[in-house]
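The model shown is predicted, which means the values in this text are computed figures rather than measured ones.
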Amino acid sequence: MNRLPYLLTTSLLALLAGNVAAAEALPQPARVFADRNGGDAAAAKLAALRYAAFWNTGDPHYAELALDPDFIDRTLPAGRPQGTAGPLQASRAFHAAVPDLTVEVADMMQAGDRVSLRLHFTGHFTGKFGEVQGGGQVVDFQAFDLYRVKNGRIAENWHLEDNLTLLKQLGVVKP
């Protein structure tokens, strides 16, 4: 059975009903732990899932929806611009190196104005990373993000990625 018409109809009905979250192709967390539901908590969850969708798809529209105009990256890597320009730059480079990148939300925890995600990134290195050309090797690593959400958008982000594993998989660092 072809589920595409069903999915399109469901998404269209969700949009018409004003349920933007249901209409978007957002990754769904495997596990959610929350101190509350509804209102601000639902808006914070939506912002976090939109940001995960941004990393999953590379679509800058999701970043625009998820990030506050005054977004601050509190663990800004060297060479990356502050603000929303930073994640946009990083996503373009990462998706160029790993075009089939997939991001799964393994865990989501919410408390007050904070949302934390444990993310699982997978794909194949078929593009270029700096001067290194991929040969199709598997990319599989974890990351952790902590967001402060204000008015339904991510205002601040602290993040840790397992970059050593990633760089070994890319062949940039030898095991």
Side-chain angles (χ1 to χ4, degrees), residues 20-22 24-35 37 41-68 71-127 129 134 136-150 152-173:
V20 177
E24 295 179 51
L26 301 177
Q28 294 303 304
R31 288 167 295 282
V32 177
F33 308 92
D35 68 342
N37 292 308
K45 179 179 180 180
L46 179 58
L49 293 178
R50 283 175 168 167
Y51 198 48
F54 161 68
W55 288 105
N56 196 36
T57 65
D59 184 346
H61 179 67
Y62 284 116
E64 293 165 8
L65 292 171
L67 300 176
D68 187 83
F71 169 75
I72 298 172
D73 183 338
R74 296 293 184 186
T75 47
L76 188 68
R80 186 180 299 172
Q82 188 55 268
T84 57
L88 293 173
Q89 177 193 67
S91 175
R92 278 191 305 274
F94 202 28
H95 279 273
V98 185
D100 68 342
L101 180 68
T102 300
V103 181
E104 296 173 354
V105 180
D107 291 300
M108 173 184 273
M109 297 182 71
Q110 292 182 260
D113 66 349
R114 308 297 166 138
V115 179
S116 63
L117 300 181
R118 184 171 63 86
L119 302 167
H120 182 206
F121 291 77
T122 56
H124 298 85
F125 179 34
T126 56
F129 181 78
Q137 55 269 55
V138 171
V139 169
D140 187 335
F141 71 99
Q142 306 270 330
F144 174 82
D145 278 14
L146 173 63
Y147 310 131
R148 182 179 68 80
V149 179
K150 178 182 83 176
R153 294 198 174 189
I154 299 169
E156 295 178 273
N157 181 17
W158 296 260
H159 52 94
L160 294 170
E161 296 84 19
D162 184 1
N163 286 324
L164 181 57
T165 295
L166 173 62
L167 293 174
K168 285 179 180 178
Q169 292 169 352
L170 298 179
V172 176
V173 172

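Applying the 6.0 Å contact sphere to CG of N37 captures no more than 12 heavy atoms from other residues, nucleotides or ligands. For F94, the CZ atom is densely surrounded, since the number of other residues' heavy atoms within 6.0 Å is greater than 12.
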Determine whether L49 and M108 satisfy the following criterion, side-chain contact (heavy atoms from CB on, under 4.5 Å), listing intermediate values before the conclusion. CA-CA 9 Å; L49 293 178; M108 173 184 273; 3.6 Å; yes
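A distance of 9.5 Å separates CG in L26 from OG1 in T57, rounded to the nearest 0.5 Å. Considering OH of Y147 and NE2 of H159, their distance stands at 9.0 Å, rounded to 0.5 Å. If you take CG on L146 and CG on L160, they are separated by 9.5 Å, rounding to the nearest 0.5 Å. Note that CD of E64 and OG1 of T84 are 8.0 Å apart. Values are rounded to the nearest 0.5 Å. For the atom pair F141 CZ and L119 CG, the distance stands at 9.0 Å (nearest 0.5 Å).
Ring planes of F54 and Y51: parallel class, angle under 30° (limits at 30 and 60°).
Across all non-hydrogen atoms, the minimal contact from V138 to Q169 is O-CB, 3.6 Å.
Checking side-chain atoms of H95 against main-chain N and O of W55 turns up a donor-acceptor pair under 3.5 Å.
Contact of the P29 side chain with the D107 side chain is not registered, since no non-hydrogen atoms from C-beta on lie closer than 4.5 Å. With contacts defined as side-chain heavy-atom distances shorter than 4.5 Å, the pair W158/R148 qualifies. Here the side chains of I72 and Q82 are in contact, with some heavy-atom distance below 4.5 Å.
One side chain, H124 or D100, offers a donor N or O that lies under 3.5 Å from an acceptor on the other. A donor-acceptor contact under 3.5 angstrom links the side chains of R118 and Q142, judged on distance only.
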